[in-house]
Amino acid sequence: MAIGDLSEAAGVSSTHLAQRFKELIGVTPKRLARTHRFTATVFPINPAEPIDWGDLAGGAGYFDQAHFGHEFRAFTGLTPTRYIEVRRRFLREHPGHVLDGWPLPAD
């Protein structure tokens, strides 16, 4: 649901909705939506397979690959390519680790 539609359904302004949402949830609706879309996109990445970043970004509803790259850096501090390098190294160094499916290993 679009955030504008949510505020309309709740009968409040988008500003009021964002303020109350942040008070109750801890983040704004937009931030939560961005976080959800990003994690839903990154979690299924298999670092052992080739990745078509353009297809991945488009399939997740990002405007373009550059937009996805900006979001990626905002959430992880890494470029998508660097993230995969770090993730592959992490999995090589820690085979079978419980974080095998976790999308954000530390560098």
Side-chain angles (χ1 to χ4, degrees):
M1 172 182 267
I3 295 167
D5 294 342
L6 181 59
S7 65
E8 187 176 316
V12 298
S13 72
S14 57
T15 302
H16 179 75
L17 175 69
Q19 289 171 340
R20 286 294 292 153
F21 202 91
K22 188 168 184 177
E23 288 171 13
L24 297 171
I25 307 299
V27 294
T28 64
K30 183 177 179 178
R31 178 63 181 201
L32 182 63
R34 285 178 57 215
T35 303
H36 175 74
R37 177 169 64 165
F38 180 76
T39 56
T41 304
V42 175
F43 265 33
I45 292 174
N46 181 347
E49 296 178 1
I51 300 160
D52 184 325
W53 294 110
D55 283 350
L56 185 71
Y62 287 95
F63 181 72
D64 56 22
Q65 187 174 346
H67 178 214
F68 178 63
H70 290 295
E71 287 284 274
F72 212 103
R73 283 186 293 281
F75 280 107
T76 68
L78 303 170
T79 65
T81 303
R82 179 69 181 133
Y83 163 81
I84 289 301
E85 291 169 358
V86 169
R87 181 120 178 248
R88 286 175 178 154
R89 187 185 77 221
F90 179 86
L91 294 174
R92 272 192 316 272
E93 293 173 0
H94 308 284
H97 193 279
V98 295
L99 295 181
D100 272 0
W102 188 252
L104 307 173
D107 190 6

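- Ring geometry for H94 against F90 counts as tilted: the plane angle lies between 30° and 60°, on a 0 to 90° scale.
- Atom-to-atom distance recorded for L6:CG and L17:CG is 5.0 Å, nearest 0.5 angstrom.
- Side-chain heavy atoms closer than 4.5 Å link hydrophobic residues (I, L, V, M, F, W, Y) into clusters, and following such links, possibly through other members, connects V86 to F38.
- Contact record, F21 with V27: CD2-O, 3.1 Å, taken as the closest heavy-atom pair.
- Heavy atoms only, all atoms of each residue included: R87 and I45 are closest at NH1-O, 3.5 Å.
- Sequence neighbours left out, the pairs with a member in residues 18-28 that pass side chain to side chain donor-acceptor pair (under 3.5 Å) are R20-E23.
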Original post:
Which is it for V42 and F75 under the side chain to side chain contact (heavy atoms under 4.5 Å, CB included) test, yes or no, and what are the steps along the way?
Top reply: CA-CA 11 Å; V42 175; F75 280 107; over 6 Å; no
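- Contact between T41 and F68 at its shortest, heavy atoms only, is CG2-CE1, 3.8 Å.
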Only distances under 3.5 Å count here; give the side-chain donor-acceptor pairs of residues 49-65 to other protein atoms, sequence neighbours excluded, each with its distance to 0.1 Å.
residue	atom	partner	partner atom	Å
E49	OE2	N46	ND2	3.3
D52	OD1	G54	N	3.1
D52	OD1	D55	N	3.0
D64	OD1	A66	N	3.2
D64	OD1	H67	N	2.7

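- Of the charged side-chain nitrogens involved, none lies within less than 4.0 Å of a carboxylate oxygen, so that R88 and E85 do not count as a salt-bridged pair.
- Smallest separation of non-hydrogen atoms from P44 and A40: CD-O, 3.1 Å.
- For residues 34-45, the set of pairs meeting the salt bridge (Lys or Arg N to Asp or Glu O under 4.0 Å) definition, not counting sequence neighbours, comprises R34-E71.
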